[in-house]
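Report on the following structure.
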Amino acid sequence: MKNEQSHRIPTTDDIEVSTYLGIAKELHGEQATPEPKPLPPKERETIVVIDFGSQYSMLIARRIRECHVYCELVPWDTPWEKIAPLNPRGFVLSGGPASAYNPDAPLALPYIYDKHLPVMGICYGMQVITHQLGGQISPGEKHEYGHAILYLNTEDCPLFASLPPSFPVWMSHGDQILDAPPDFKTLAYTDNSPIAVMGNDEGIFGLQFHPEVVHTPVGKTIFQNFVYKVCSCQGNWTSANFIAENIEKIKEQVGDGKVICALSGGVDSAVTATLIHRGIGNNLTCIFINNGLLRRQEPERVLNTFLRNLKMNVTYVDASERFLERLKGVTDPETKRHIIGEEFIKVFEEEAAKLGKVNFLAQGTLYPDVIESSSASETKASATIKTHHNVGGLPARMKLSLIEPLRYLFKDEVREVGFALGLPEDMTWRQPFPGPGLAIRIVGEVTRERLEILRAADWIVMNEIKKAKLYRQLWQSFAVLTGIKSVGVTGDYRSYAYTIAIRAINSNDAMTAEWAHLPYDLLGRISDRIVNEVPNVNRVVYDITNKPPATIEWE
Ligand code: XMP
């Protein structure tokens with residue numbers, strides 16, 4: 001199995017790991033909450049999620065943001081001095097793998113209770129509250145994992161406003177509550193958990209189940225009730241407010257300085273550039289490098305959007321020759337990646353040098369990258385993030401400061417902001433496309449002829465998938481030029497031509513993936529069109545392998 005960490009040279013747009021939320025939302029047919037009227041940015045309010053290490057912590061933050069309330073996820077030991085500027089309106093204590101009664105278990109810091117703000121503890125978070133406020137937990141002899149029915153004991157708990165007396169929830173815990181702390185009422189139970197929800201009059205709640213996962217269908221209503229009915233939030237986290245606030249921030253940060261930004265054609269760099277352009281106009285120069293490994297019409301479309309429609313300052317560099325020259329005779333996937341990454345930085349540096357004095361480098365870093373690398377300090381976080389990017393070594397070498405306006409956004413929020421900024425849909429909804437481009441979808445040597453074949457086949461795949469309205473649901477769908485040639489027959493002639501593989505997968509985070517069960521007639525149409533329309537291809541196969549053991553890309 002390929003090592004994920006080592007073989008990737010991601011670009012800003014490749015930090016797609018977070019797309020799972022947006023796509024998951026679509027798959028489960030959830031309606032987006034309508035956007036409330038924009039409020040002045042000074043009224044910023046935050047729900048702070050205290051992270052005890054659950055695999056679902058990020059999902060809690062997403063759910064709250066879906067309610068149009070700003071939310072940040074912070075490590076459990078974050079001091080109050082860092083929390084206070086966020087203007088917190090309430091806390092959510094996440095789940096986590098520890099047992100609250102163990103001597104070295106992470107617990108809530110005193111401010112969580114001292115500030116008299118509402119608190120919602122989920123799973124381990126509930127056990128923390130129980131342990132710290134004088135209740136009793138029984139060590140889990142009986143683990144509970146999976147669906148359960150929750151029965152409410154009361155009709156007037158604000159957390160459950162407009163919910164039926166019983167509903168399905170998702171459980172995943174070992175320890176359970178034996179006695180609630182003094183002054184807490186048992187608000188709901190399941191067959192296995194007599195105290196499945198508890199609460200007191202101060203707005204401190206404990207939930208044994210996970211409202212953040214899709215298997216708790218009413219989860220969104222519970223979060224809405226918590227933020228609006230318990231924490232009295234106004235709901236001013238909207239694309240419009242984000243854009244207005246950040247344009248001002250960018251103006252302030254950059255002043256009269258000059259900014260450069262590498263465009264890739266994907267949503268992250270597109271939104272980053274557009275936002276910065278709104279703030280500082282032509283003091284932003286975008287560099288768009290055509291490495292010769294892009295898909296059909298991609299360079300034209302990117303230029304059309306940024307240069308002609310948005311009237312940005314774009315330096316277009318057709319470096320196809322250089323890249324293809326260096327890739328001549330190279331067949332090893334890792335070497336391909338390495339060459340492409342290296343060449344990209346060289347071209348970028350050369351172009352940037354022509355611009356004279358530049359002060360900032362804009363990057364499309366997203367919140368999940370920040371969270372994933374930030375269980376410790378900011379410094380550590382940004383150090384790790386830089387290595388994710390193609391332009392990674394540049395800021396230090398060129399003495400550039402970083403500007404990362406999307407640093408607090410999830411992928412689907414980036415798409416929404418892109419939409420609100422007027423970017424075309426094919427850019428805001430683009431499936432992830434790897435930095436090394438088509439080079440890692442051609443098995444063996446990358447040549448002009450092979451690239452042309454793959455472009456033509458890929459165009460058909462994309463076209464048919466879009467016509468079938470599956471493009472947004474699928475994590476990725478594309479064609480691969482396998483290194484195989486096989487015998488075929490066309491009319492009276494025997495042919496010996498390439499085999500194209502179709503890859504279409506569902507995924508939540510690209511770390512694991514399932515091959516998509518595309519309808520046979522769609523596969524049939526794609527196959528017919530490829531063998532009829534693409535010269536030098538006489539066979540089409542469908543890749544029905546999951547990741548693991550296969551990777552998404554073939555190279
Ligand atoms: P694999 O093939 O590792 O792909 O299952 C996981 C996700 O990462 C993308 N990918 C890359 N993106 N540079 C990139 O920018 C790379 O070298 C690279 N390799 C894979 C792939 O498209 C999928 O979304």
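Counting starts at 1 for both ligands and their atoms, in listed order. Remember, it's a predicted structure, so these values are computed and weren't measured experimentally. Note: hydrogens, waters and symmetry copies are ignored here, and every other heavy atom, side chains too, is used.
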Quiz item: Angle class for the Phe242/Trp237 ring planes (parallel below 30°, perpendicular above 60°, tilted otherwise)?
Solution: perpendicular
Practice problem: Return the orientation label for the Phe288 and Tyr316 ring planes: parallel under 30°, perpendicular over 60°, tilted otherwise. | Solution: tilted
Exercise. Run the numbers on Lys467 and Glu464 for salt bridge (Lys or Arg N to Asp or Glu O under 4.0 Å), then give the verdict.
Key: CA-CA 5 Å; Lys467 271 204 290 200; Glu464 289 296 332; 3.2 Å; yes
Exercise. Specify side chain, backbone, both or neither for Phe433, according to which of its non-hydrogen atoms lie closer than 4.0 Å to ligand 1.
Key: neither
Quiz item: Taking N or O atoms only and a 3.5 Å limit, does Arg441 qualify as a polar contact for ligand 1?
Solution: no
Practice problem: Give a yes or no on this: more than 12 heavy atoms of other residues, nucleotides or ligands lie within 6.0 Å of atom CD of Glu321. | Solution: no
Quiz item: Of Ile505, Ile552, Thr512, Ile440, which has the heavy atom at the shortest distance from atom 1 (P) of ligand 1?
Solution: Ile552
Self-check item: Heavy-atom proximity to atom 23 (C) of ligand 1, best of Glu555, Gln476, His338, Lys336
Solution: Gln476
Quiz prompt | Numbered atoms and elements of ligand 1 in range of Gly435, under 4.0 angstrom, heavy atoms | solution = 12 (N), 13 (N), 14 (C), 15 (O)
Exercise. Only one of Leu451, Leu438, Asn536, Ile442 passes side-chain contact (heavy atoms from CB on, under 4.5 Å) with Leu481; say which it is.
Key: Ile442
Practice problem: Provide the number and element of each atom of ligand 1 under 4.0 Å from a heavy atom of Lys547. | Solution: 1 (P), 3 (O), 5 (O), 6 (C)
Quiz prompt | Trp475: numbered ligand 1 atoms lying under 4.0 Å from its heavy atoms | solution = 24 (O)
Quiz item: Taking heavy atoms and a distance under 4.0 Å, where does Arg337 meet ligand 1: side chain, backbone, both or neither?
Solution: side chain
Quiz item: In this structure, which one of Val534, Thr499, Ile530 forms a side-chain contact (heavy atoms from CB on, under 4.5 Å) with Val540?
Solution: Ile530
